[in-house]
Amino acid sequence: MLDVKFIRDNKELVKERLAIRNFKELFIVDEAVELDNKRKKLQTEADNAQAKINAASKKIGQLMAKGEKEKAEIKKAEVASLKSFLQPISDELAITENSLTEAVLKLPNLPSAQVPAGRSAEDNVVVREGGSKPLLPGNAAPHWDLAKKYNLIDFELGNKITGSGFPVYINKGAKLQRSLIQYFLDYNTAAGYKEFQPPIMVNGTTAYGTGQLPDKEGQMYYVGEDKLYLIPTAEVPVTNIYRDEILKEPDLPIKMTAYTPCFRREAGSYGKDVRGLNRVHQFDKVEIVQLVHPEKSYEVLEEMVSHVEKLMHTLELPYRILKLCGGDMGFTSAQTYDFEVYSAAQQKWLEVSSVSNFESFQTNRMKIRFKDVNNKTHLLHSLNGSSLALPRIVACLLENNQTSTGIKLPKALHNYFGGEYMA
RNA sequence: GGAGAAGUGCCGGAGCGGUUGAACGGGACUGACUCGAAAUCAGUUUUACGCCUCAACAGUGUAACGGGGGUUCGAAUCCCUCCUUCUCCGCCA
């Protein structure tokens with residue numbers, strides 16, 4: 001969440017930036033500042049009253065020690081009246097603090113200066129394209145047909161076992177998953193990311209830390225019996241590894257990677273866009289996360305984009321990188337680049353990675369900080385990106401590389417997969 | 001799942017109703033000594049939010065001894081509840 005002090009000191013700037021992401025309820029900014037002023041006033045009053053109570057209580061202790069009971073009784077009466085004076089103030093303080101937090105939580109992150117204005121995906125800016133689109137014959141098959149033809153994925157079986165959107169990978173289809181995961185993790189750890197295997201269920205505090213709660217619980221599967229959420233991305237448990245920590249500057253940057261299954265309820269989207277692997281409820285993804293010095297975060301954002309881009313190259317798939325406009329960015333992001341791969345048989349672009357700088361929006365919630373050389377404490381910046389999400393990569397690998405004799409795999413995977421073709 | 005025990009600062013470990021933000025030890029940092037280092041001596045060593053101030057890592061107030069709530073003039077210390085850890089039993093990949 002945004003820092004209240006920053007909002008207080010930069011009210012107009014905050015409104016300007018929020019307008020870029022099409023955020024309409026700008027009055028919340030004013031509301032937050034007013035609540036904060038009220039909070040400060042009430043806290044001063046409450047603190048002063050409490051100080052008097054503390055002093056009187058200490059005095060009572062001394063009087064009792066001396067055996068001056070009567071004087072102590074008089075003091076007790078004094079404290080009682082001070083307390084009844086304090087009570088309504090501290091009640092109101094608590095209410096004000098809650099309202100303030102509630103208000104600030106409604107505000108999304110401020111888009112960085114580089115973020116283009118815009119309402120929807122239409123307004124995203126293509127930064128660059130890479131790879132080349134294959135020339136497929138007119139009768140080229142979509143991946144769901146190829147998956148069936150070569151017996152790689154069984155969508156029907158997933159329906160039977162769980163429900164729609166839970167594909168079952170079989171034989172070489174399963175092995176391809178395993179190869180991709182292994183390859184992505186190796187690629188990330190070679191670049192200095194430390195590998196983690198985190199829990200895939202998290203508690204409410206953790207889900208709050210990265211911004212899934214409040215308000216977005218509908219996107220996650222929830223295990224009510226134990227009050228745990230299935231993670232929508234490894235970002236959630238991995239970023240929380242450093243929650244409530246104060247790091248030393250030489251420890252920076254923190255680079256982490258993790259493979260996890262991801263679960264998304266994605267309620268209400270059906271139809272052509274969700275056929276096959278285009279959109280599923282459970283999928284595999286390898287994530288990268290960094291915690292960095294605030295002055296370095298935009299440099300690191302570009303570095304992470306280029307890290308993912310190189311990986312994309314090795315997969316020999318046509319891709320493009322988009323800079324998201326204000327209206328299409330996630331609630332917690334300050335700047336986001338999306339990677340899309342071209343699905344040649346479906347003839348459309350599919351998102352396979354999203355790389356974002358959250359600045360201090362998440363770390364403020366999680367209180368992830370560092371001490372600078374002057375021993376002063378500041379919030380770190382957090383960033384993350386997919387490197388990569390599997391299903392749509394698999395969809396494109398199948399479609400773009402189909403031949404009359406099988407699916408030809410990119411060189412980078414030959415050793416991992418143990419072969420050049422899937423047939 | 002059942003029965004016990006415990007959760008204190010960077011670490012170890014006291015305190016078990018009053019001047020304890022917290023003894024003592026270790027570590028770390030600063031200064032002195034030294035050509036330098038070790039040893040020694042002196043000092044420092046949490047965080048958040050207020051007030052004051054041009055500002056301060058200057059002063060001052062409040063809060064925090066696993067989380068939340070309660071008793072009391074006053075709680076790290078008593079009570080309730082939740083979480084976590086350890087030991088024993090049961091079950092189990």
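Protein chains get the first letters and strands the later ones, always in sequence-line order, with residue 1 at the start of each. These values consider heavy atoms only, across backbone and side chains, with no hydrogens, waters or symmetry-generated copies.
- As a whole-Å value, the separation of L42(A) CG from G61(B) C1' is 16 Å.
- Side chain to side chain, E235(A) and T210(A) fail the donor-acceptor criterion of an N or O pair below 3.5 Å.
- In this structure, H381(A) has its ring center at least 6.0 angstrom away from the ring center of F358(A).
- For H313(A) and Y319(A), the distance between ring centers is under 6.0 angstrom.
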Summarise how protein sits on nucleotides 62-85 of chain B as a single string, 5' to 3': B when a protein heavy atom is under 4.0 Å from the base, S for sugar-phosphate-only contact, - for no contact.
SS---------BS-----------
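- Base pairing of U46(B): its partner is A64(B), meeting the Watson-Crick or G-U wobble criterion (both donor-acceptor distances under 3.5 Å).
- The closest donor-acceptor contact from the side chain of H414(A) to the backbone of L409(A) lies under 3.5 Å.
- Between A22(B) and U44(B), the two P atoms lie 11 Å apart (nearest whole Å).
- On the P atoms, G50(B) is 33 Å away from C29(B), given to the nearest whole Å.
- Here G1(B) sits opposite C89(B) as a Watson-Crick or G-U wobble pair (both hydrogen-bonding atom distances under 3.5 Å).
- Here the separation of C52(B) from A39(B), taken at their P atoms, is 48 Å to the nearest Å.
- At least one side-chain nitrogen or oxygen of R369(A) sits closer than 4.0 Å to the OP1 or OP2 atom of A48(B).
- A63(B) and U8(B) have their P atoms separated by 23 Å, with the value rounded to a whole Å.
- G18(B): Watson-Crick or G-U partner is C73(B), with both key distances under 3.5 Å.
- Look at CD on E245(A): it is 14 Å from P on U47(B), rounded to the nearest Å.
- Between K41(A) and C51(B) there is no side-chain polar atom (N or O) within less than 4.0 angstrom of OP1 or OP2.
- Distance CG (N375(A)) to C1' (U45(B)): 9 Å, rounded to an integer number of Å.
- Taking atom CE of M1(A) as the reference point, atom C1' of A48(B) lies 12 Å away to the nearest angstrom.
- Rounded to the nearest Å, the gap between the P atom of C57(B) and that of A64(B) is 23 Å.
- Separation of the C1' atoms belonging to U87(B) and G9(B) is 27 Å when rounded to the nearest angstrom.
- Looking at the side chain of D36(A), the nearest of the listed nucleotides A48(B), C57(B), G50(B) is G50(B).
- Taking the side chain of T44(A) as heavy atoms from C-beta on, and the options G50(B), C57(B), U47(B), the nearest nucleotide is G50(B).
- Screening residues 78-106 of chain A for salt bridge (Lys or Arg N to Asp or Glu O under 4.0 Å) gives K38(A)-E92(A), K75(A)-E78(A) as the qualifying pairs, with residues at least two apart or on separate chains.
- Closest-nucleotide positions on RNA chain B for D3(A) and K376(A) were compared, and the one nearer the 5' end corresponds to D3(A).
- Heavy-atom contacts from other residues, nucleotides or ligands closer than 6.0 Å to CD of Q197(A) number 12 or fewer.
- For G70(B) and C16(B), the P atoms lie 26 Å apart once the distance is rounded to whole Å.
- Using Watson-Crick or G-U wobble geometry with both donor-acceptor distances under 3.5 Å, G12(B) finds its partner in C24(B).
- Aromatic rings of F263(A) and H281(A) (six-membered ring for Trp) have centroids beyond the 6.0 Å cut-off, not under it.
- With a cut-off of 3.5 Å on both Watson-Crick or G-U wobble distances, the partner of G7(B) is given as C83(B).
- Across all strands shown, the partner of G59(B) is C51(B), judged by Watson-Crick or G-U wobble contacts whose two distances both fall under 3.5 Å.
- Within the shown strands, A32(B) is the pairing partner of U40(B) under the Watson-Crick or G-U definition, both distances less than 3.5 Å.
- A cation-pi contact, defined as under 6.0 Å to the ring centre and within 45° of the axis, links K255(A) to Y193(A).
- Within 4.0 Å (heavy atoms only), K40(A) reaches sugar-phosphate atoms of the nucleic acid but no base atom.
- Legend: salt bridge (Lys or Arg N to Asp or Glu O under 4.0 Å) pairs involving residues 357-368 of chain A, not counting sequence neighbours: none detected.
- One can place NZ of K371(A) at 15 Å from P of C29(B), the figure rounded to the nearest angstrom.
- For C49(B), the OP1/OP2 oxygens have no side-chain nitrogen or oxygen of R39(A) closer than 4.0 Å.
- With C1' as the reference atom, A58(B) and U72(B) are 37 Å apart, rounded to whole Å.
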